[in-house]
A.B. asks: 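Below you will find the structure I want to go over with you.
Throughout, protein chains are lettered first and strands after them, A, B, ... in sequence-line order, and every chain is numbered starting at 1.
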Number of protein chains: 2
Amino acid sequence: MAAPDATLRGLTGYRIQRAAIRAMARVNAALAPLGLRRSTFSALAVVSDTPGLRQTQLAEALAIERPNLVQIIDDLEAAGLMVRERAEGDRRAYALLPTEAGRAVYARALARLQRAEAALTRGLSPAETQALHRALQIIEDNAGEETGDEIEIPSA
Amino acid sequence: MAAPDATLRGLTGYRIQRAAIRAMARVNAALAPLGLRRSTFSALAVVSDTPGLRQTQLAEALAIERPNLVQIIDDLEAAGLMVRERAEGDRRAYALLPTEAGRAVYARALARLQRAEAALTRGLSPAETQALHRALQIIEDNAGEETGDEIEIPSA
DNA sequence: TATTGTTATACTCTATAACTATA
DNA sequence: TATAGTTATAGAGTATAACAATA
């Protein structure tokens, strides 16, 4: 018997989980000095790149549930990095816009993250990193499909 | 502007997170019919492959904190899949052992997971999957190192 | 003094149901 | 009747401090 977790190490899902937990801790550490978490950073990034989008659209882009987005936007608004503006033509909706401060913090956060990314992928060539991204996309897509697994259809 | 999350997609950390969240949901779904979660499965796997190890050793193998392991072992014991036996020579410690039922459930869970893994990695060649594992290991190792980042040393 | 397992606790992330105000 | 945003809530996963029993 090799390592006690040799069986688990043979499972892609387990490896992704282990790498993700540690990588997320690094990302959090890189963002914390700017008062951001992963969730607030990613929201700020999408809104900065696509100003004016609605909360529902942002939730879909980030693959999070609408209710969970509320606190994220609240935090960004409280920090003065983003504003909710009533959307024209639909008074139920809000258009999300970054403030000047929000754009500045976004740029600083992105720079910090890119340094953290370089540390994370040290030892991987650009081609290997590219291949990693491709593999992760395939897995995300595969995992996002409906399977019908576990849906028992009575045979009569 | 391409997709609203184009910037985020350029970040390895973000891609790992997205893939991990979806993959873990699939793993949970594969384990749920057997009454297992990811945490209880991985504990059962390590103990089945390395019977007799201590809780501290198991926590280290799984990279979880000792307090969080208590409930996991409690659940496995309540399900009749594992037992705590007082360790010989050290009455503070427990040797963890799988029951017969535990070994049987482990085998069934592993088979289910391997089918789920095949679905997750559909479209990736064995070589690509191998390269993915290697890349994830490098990232896990890189992220686990101490950096000294953010430790401000007063210059005088 | 240090270690093993434990308790208590807290924080984050995620998910669902139900509400409000609009459409 | 449906949609946008919200509230309330619950469940995991993870983390730390402190305790009892033992070394």
A.B. asks: Above 12 or not: heavy atoms from other molecules or residues under 6.0 Å from CD of Glu77(A)?
C.D. replies: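 Atom CD in Glu77(A) is packed in, count exceeds 12.
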A.B. asks: What is the separation between atom CZ on Arg54(A) and atom P on dG5(D), rounded to the nearest whole Å?
C.D. replies: 7 Å
A.B. asks: Between Ala95(B) and Asp90(A), which residue's closest nucleotide on DNA chain C lies nearer the 5′ terminus?
C.D. replies: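 By nearest-heavy-atom nucleotide position, the 5'-most residue is Ala95(B).
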A.B. asks: Rounding to a whole Å, what distance do you find between Leu53(A):CG and dG5(D):P?
C.D. replies: 9 Å
A.B. asks: Strictly below 4.0 Å: does Gln57(B) bring a side-chain N or O up to OP1 or OP2 of dT4(C)?
C.D. replies: no
A.B. asks: Measure from CG on Leu58(B) to P on dT4(C) and round the result to the nearest Å.
C.D. replies: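 Result: 14 Å.
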A.B. asks: Rounded off to whole Å, could you give me the CZ-to-C1' distance for the Arg91(A) and dT3(D) pair?
C.D. replies: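 For the pair Arg91(A) CZ and dT3(D) C1', the rounded distance is 15 Å.
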A.B. asks: Whole angstrom is fine here: how far is it from CG in Leu69(A) over to P in dT6(D)?
C.D. replies: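 Rounded to the whole Å, the gap is 8 Å.
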A.B. asks: Figure out the CZ/P separation between Arg22(A) and dG13(D), and round it to whole Å.
C.D. replies: 19 Å
A.B. asks: Flag the pair Leu34(A) / Phe41(A) as yes when at least one side-chain heavy-atom distance between them is below 4.5 Å, and no otherwise.
C.D. replies: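 A side-chain contact under 4.5 Å is absent here.
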A.B. asks: Could you encode protein contacts along nucleotides 7-15 of chain C as a string, one character per nucleotide from 5' to 3', using B for base contact, S for sugar-phosphate-only contact and - for no contact, with a heavy-atom cut-off of under 4.0 Å?
C.D. replies: BB----SBB
A.B. asks: Decide if atom CD of Glu60(B) counts as having more than 12 heavy atoms of other residues, nucleotides or ligands within a radius under 6.0 Å.
C.D. replies: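 Open.
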A.B. asks: Can you tell which of dA23(D), dG5(C), dT6(D) lies closest to the side chain of Gln55(A)?
C.D. replies: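 Out of dA23(D), dG5(C), dT6(D), the nucleotide with an atom closest to Gln55(A)'s side chain is dT6(D).
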A.B. asks: Heavy-atom count check: over 12 atoms from other residues, nucleotides or ligands less than 6.0 Å from Arg108(B) CZ?
C.D. replies: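 It does not: Arg108(B) CZ has 12 such atoms or fewer within range.
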A.B. asks: Are Arg122(A) and Glu128(A) ion-paired here, with the side-chain N under 4.0 Å from a carboxylate O?
C.D. replies: no
A.B. asks: If you take any heavy atom closer than 4.0 Å to DNA chain D, which residues from residues 75-87 of chain A end up in contact?
C.D. replies: Arg84(A)
A.B. asks: Run the salt bridge (Lys or Arg N to Asp or Glu O under 4.0 Å) check on Arg22(B) and Glu145(A) step by step: do they pass?
C.D. replies: CA-CA 10 Å; Arg22(B) 285 223 182 138; Glu145(A) 286 172 10; over 6 Å; no
A.B. asks: Rounded to whole Å, please give me the gap between CZ in Arg92(B) and P in dT22(D).
C.D. replies: 10 Å
A.B. asks: Answer yes or no for Arg86(B) and Tyr94(B): cation-pi contact, defined as NZ/CZ to six-membered ring centre under 6.0 Å and angle to ring axis within 45°.
C.D. replies: yes
A.B. asks: Evaluate the criterion salt bridge (Lys or Arg N to Asp or Glu O under 4.0 Å) for residue pair Glu140(B) and Arg9(A); output intermediate values, then yes/no.
C.D. replies: CA-CA 12 Å; Glu140(B) 184 183 333; Arg9(A) 290 289 178 183; 3.0 Å; yes
